[in-house]
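Let me begin by presenting the structure, written as structure tokens, before commenting on it.
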Amino acid sequence: MLHQTQVSRVAAAWPGFIARFPDPGVMAAAGPGAVIAAWGRLGYPRRARRLWEAAVVITARGWPDDLTDLPGVGRYTAGAVSAQADDADVVAVDVNIRRVVERIAGRRLTPREAEASALELGGPLGGRDRLLALMDLGSLVCRPRDPRCDECPLAPQCTAHGPVNGERRTRQARFEGSFRQRRGRVLAQLRAGPAAAGALDAD
DNA sequence: CTCCTGAAGG
DNA sequence: CCTTCAGGAG
């Protein structure tokens, strides 16, 4: 749920969702439609589909040693789970941490470079504490716009003190008249219950 | 590299 | 109007 979705929105949706699907077995048995419906308006409904697929795999074969074997789970998610659940000494580089390490370096970094830098910059912290400290630093201090460099503990070693050349510029395509808008209507209809396809055109 | 979602805040 | 959001897959 946290993939490209703000924490506050996930936090609001989480209780109801986890109550509906308390474990992988329940989710696997519920079927993809039920999971997508319960996903609500969190966006990227593909994630709901993959979550159900992962539940099916876990129910059938148990948890894999490598979490990235599960659909929808990449290096980031596997690392975040390991660091927080098991306090493993790894860093999962999210958009916030990426921004921090690139500004300190003064240039864009490869994913591996960013990871190595984050591990080092975590200082005396490790595991869960280091991951969360770096995330919060990026989110609250090393912000995309108007960074608070005067409050940053890493300012002395920072190169850019602001956006680096080539820093992320996500421009969102127009929503009105888009396929995305149309799909949103379809999903809203399906969440509401079975409906004739023709009813969708009425909107 | 591109695509994928919806909502909140600037 | 614009940007941003604890990414993953093709």
Side-chain angles (χ1 to χ4, degrees), chain A residues 1-14 17 32 35-55 57 64 66-88 90-103 108-112 114-115 118-119 122 125 127-148 162-164 166-192 203:
Chain A
M1 284 181 176
L2 289 165
H3 294 177
Q4 294 287 284
T5 301
Q6 273 103 344
V7 174
S8 60
R9 297 186 55 218
V10 171
W14 178 260
F17 190 85
V35 179
I36 293 170
W39 194 257
R41 314 184 74 160
L42 280 175
Y44 289 115
R46 167 176 304 178
R47 297 178 296 177
R49 167 78 190 192
R50 297 220 168 100
L51 187 58
W52 170 77
E53 293 173 358
V57 171
D66 182 359
L67 294 179
T68 63
D69 287 343
L70 297 173
V73 178
R75 185 173 179 80
Y76 167 78
T77 303
V81 169
S82 297
Q84 293 185 77
D86 302 329
D87 203 26
V90 300
V91 171
V93 179
D94 72 330
V95 291
N96 295 300
I97 296 179
R98 166 70 77 107
R99 187 169 56 248
V100 171
V101 297
E102 289 189 341
R103 285 176 176 179
R108 298 274 285 168
L109 301 175
T110 67
R112 300 306 177 124
E115 260 189 54
L119 281 170
L125 299 177
R128 181 185 308 120
D129 289 343
R130 176 173 49 203
L131 174 63
L132 296 179
L134 289 173
M135 279 186 172
D136 285 350
L137 183 68
S139 174
L140 304 173
V141 178
C142 195
R143 306 181 297 183
R145 287 172 294 185
D146 191 26
R148 298 178 170 176
V164 299
E167 193 165 296
R168 194 66 173 155
R169 287 276 184 189
T170 55
R171 68 280 178 195
Q172 181 160 214
R174 188 163 199 83
F175 182 68
E176 287 298 324
S178 67
F179 176 70
R180 183 179 147 206
Q181 179 185 39
R182 187 166 188 79
R183 177 174 42 212
R185 291 205 193 98
V186 172
L187 285 171
Q189 286 283 341
L190 293 175
R191 278 195 297 270
D203 294 334

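Every heavy atom of this structure was used, including side-chain atoms; hydrogens, water molecules and symmetry mates were not.
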For C/dA6, the Watson-Crick or wobble partner whose two distances fall under 3.5 Å: none
Separation of C/dA6 atom P from A/Met1 atom CE, nearest Å, is 15 Å
Comparing nearest nucleotides in DNA chain C, the 5'-proximal residue of the pair A/Val7, A/Arg50 is A/Val7
Given the options A/Arg108, A/Arg103, A/Arg99, A/Glu167 meets salt bridge (Lys or Arg N to Asp or Glu O under 4.0 Å) only with A/Arg103
Heavy atoms only: give me the nearest A/Ala92-A/Ala80 pair and the separation to one decimal. CB-N, 3.4 Å
Is a donor-acceptor contact shorter than 3.5 angstrom present between the side chain of A/Gln4 and the base of C/dT4? no
Less than 4.5 Å apart, side chain to side chain, heavy atoms only: is that true for A/Leu70 and A/Val57? yes
From C/dA6, C/dG8, B/dG6, pick the nucleotide closest to the side chain of A/Arg41? B/dG6
Between P of C/dG7 and CZ of A/Arg49, the distance in whole Å: 23 Å
Between C/dA6 and B/dG9, how far apart are the two P atoms, rounded to whole Å? 13 Å
Could you tell me whether the phosphate oxygens of C/dA6, OP1 or OP2, come under 4.0 Å of any side-chain nitrogen or oxygen in A/Thr77? no
What is the distance, to the nearest angstrom, from the OH atom on A/Tyr76 to the C1' atom on C/dC5? 11 Å
Find the distance A/Asn96:CG to C/dC5:C1' and express it as a whole number of Å. 8 Å
Whole angstrom value for the distance that separates P of C/dA9 from CG of A/Asp69: 11 Å
Under 3.5 Å donor-acceptor, A/Arg98 side chain and A/Leu109 backbone: yes
Sugar-phosphate, base or nothing in reach of A/Arg143, heavy atoms under 4.0 Å: nothing
Take the protein atom CD of A/Glu167 and the nucleotide atom C1' of C/dT4, then report the distance between them rounded to whole Å. 12 Å
5' priority, DNA chain B, between A/Ser8 and A/Tyr44 [closest heavy atom]: A/Tyr44
Figure out the CG/C1' separation between A/Leu67 and C/dG8, and round it to whole Å. 15 Å
Base B/dG6 paired with A/Arg9 side chain (donor-acceptor, <3.5 Å): yes
Nearest to side-chain heavy atoms of A/Gln6, which nucleotide of C/dG7, C/dC5, C/dA6: C/dC5
Is there a side-chain contact between A/Ile97 and A/Leu131, using heavy atoms and a 4.5 Å cut-off? yes
In whole angstrom, give the distance that lies between atom CG of A/Asp94 and atom C1' of C/dC5. 10 Å
Between A/Arg145 and A/Ser139, who's closer to the 5' end of DNA chain C by nearest nucleotide? A/Arg145
